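Quick notes on the structure that follows.
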Amino acid sequence: MSPILINPSPLRNIPWEDRPAGSIETVWRSHRNPIIPRDAIPTSNSIFNSAVVPFKNEFAGVFRCDNRARTMQLHRGFSKDGINWNIDPEILQFRCSEPEIARFVYGYDPRVCWIEDRFYVTWCNWYHGPTIGAATTTDFVTFDQLENAYLPFNRNGVLFPRKINGNFAMLSRPSDNGHTPFGDIFYSESPDFVYWGRHRYVMGTAGGWQSTKVGAGPIPIETTEGWLLIYHGVLTSCNGFVYSFSAALLDLEKPWKVIARAEPYLISPWMQYECVGDVPNVTFPCAALVDGDTGRMAIYYGSADTVVCLAFAYVQEIVDFVKKNAM
Ligand code: BMA
């Protein structure tokens with residue numbers, strides 16, 4: 001049992017590769033990267049920034065598939081091993097009784113979070129601009145769309161996996177209508193998943209790799225040291241944005257209080273598949289699986305807005321990294 005995890009669930013079939021001999025990295029990449037190619041379904045231009053969860057002793061997920069008209073769509077997918085994925089070529093359909101919300105224009109960067117008795121999917125959803133869309137599912141067959149969480153413009157809506165102060169809790173990144181040259185992480189609560197409030201500032205930009213904007217990544221992981229948040233940060237180079245990721249620890253009951261935050265990145269675009277693609281120099285994590293018995297983590301991230309990749313780590317080692325390298 002990993003002593004640091006709170007309420008750990010075993011996940012014996014978590015995808016895993018040992019750290020390569022001689023590696024000094026806290027997070028190391030799969031030698032099978034990219035694990036999902038851009039053309040895994042016949043209509044796709046690219047498949048990236050996607051979310052996976054354990055499901056019925058196997059795995060399921062919601063995938064960002066930009067099609068060959070370059071419309072950003074969501075698709076569901078299933079996998080026995082978390083590495084080889086069958087992505088449904090049909091666009092994911094939502095049930096929604098509210099016509100104002102039901103009109104789907106585009107969706108991207110999904111996250112999936114189990115809370116109490118169902119999965120909640122959040123994504124960047126068009127409603128007169130980007131905002132946070134939401135839906136529930138129990139079976140990855142029927143998806144019931146909920147009210148959008150916020151007004152436009154917002155992105156990177158990431159739920160906590162349990163209620164906090166009796167409320168649903170979500171991180172988000174208020175933005176603009178375009179490629180947003182700014183961005184801080186905020187926290188909000190809701191008693192009913194309709195009305196969101198108690199908005200709190202969590203953290204903003206810092207130096208270097210996270211100097212332009214930051215946004216939450218996978219669902220935070222509850223540890224005895226605080227919520228372990230993996231988040232992306234953006235640097236503006238003379239040649240455009242560079243997306244890296246690292247981690248922070250947030251207070252368990254007041255998650256807007258940052259306990260520690262790493263100064264260096266954990267992963268930055270180094271590999272060819274991260275540096276070359278539709279948008280060069282992007283590593284963008286949207287999901288992490290954790291095995292409660294060993295503390296092993298499998299982090300899913302989009303590379304260069306083109307393909308899905310996998311990296312591995314130990315929860316304890318990322319927590320140690322954040323504390324040792326806190327800014
Ligand atoms: C952000 C989002 C992400 C994307 C990133 C880099 O604004 O659109 O989906 O990975 O830009 O293009």
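A quick note: this is a predicted structure, and the numbers were derived from the prediction, not measured. Whatever order the structure lists ligands and atoms in, that order sets their numbers, starting from 1.
- With distances taken over non-hydrogen atoms, the option nearest atom 6 (C) of ligand 1 out of Asp305, Asn49, Asp66 is Asp305.
- In this structure, CD1 in Ile132 is found 14.5 Å from CD in Glu147, a value given to the nearest 0.5 Å.
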- Item | Derivation of the salt bridge (charged side-chain N to carboxylate O under 4.0 Å, His left out) call for Arg70 and Asp278 | CA-CA 11 Å; Arg70 295 301 295 261; Asp278 282 353; 3.7 Å; yes
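- Annotation: atom 1 (C) of ligand 1 to nearest protein heavy atom, Tyr243 OH, 3.3 Å.
- In this pair, Trp114 and Phe119 present their aromatic rings perpendicular. The plane angle is above 60°, beyond the 30 to 60° band.
- Regarding atom 8 (O) of ligand 1, its nearest protein heavy-atom neighbour is Tyr108 CE1, 3.7 Å.
- For the pair Leu151/Thr131, no side-chain contact is recorded, criterion being any heavy-atom separation below 4.5 Å from C-beta on.
- Only side-chain heavy atoms of Arg64 come within less than 4.0 Å of ligand 1; its backbone N, CA, C and O stay farther off.
- Of all protein heavy atoms, the one lying nearest to atom 2 (C) of ligand 1 is Asp109 OD2, 3.6 Å.
- Remark: Lys80 is not positioned above the aromatic ring of Phe59, lacking an NZ or CZ atom under 6.0 angstrom from the ring centre and at most 45 degrees off the axis.
- Residue Phe284 has at least one heavy-atom neighbour below 4.0 Å for each of these atoms of ligand 1: 3 (C), 10 (O).
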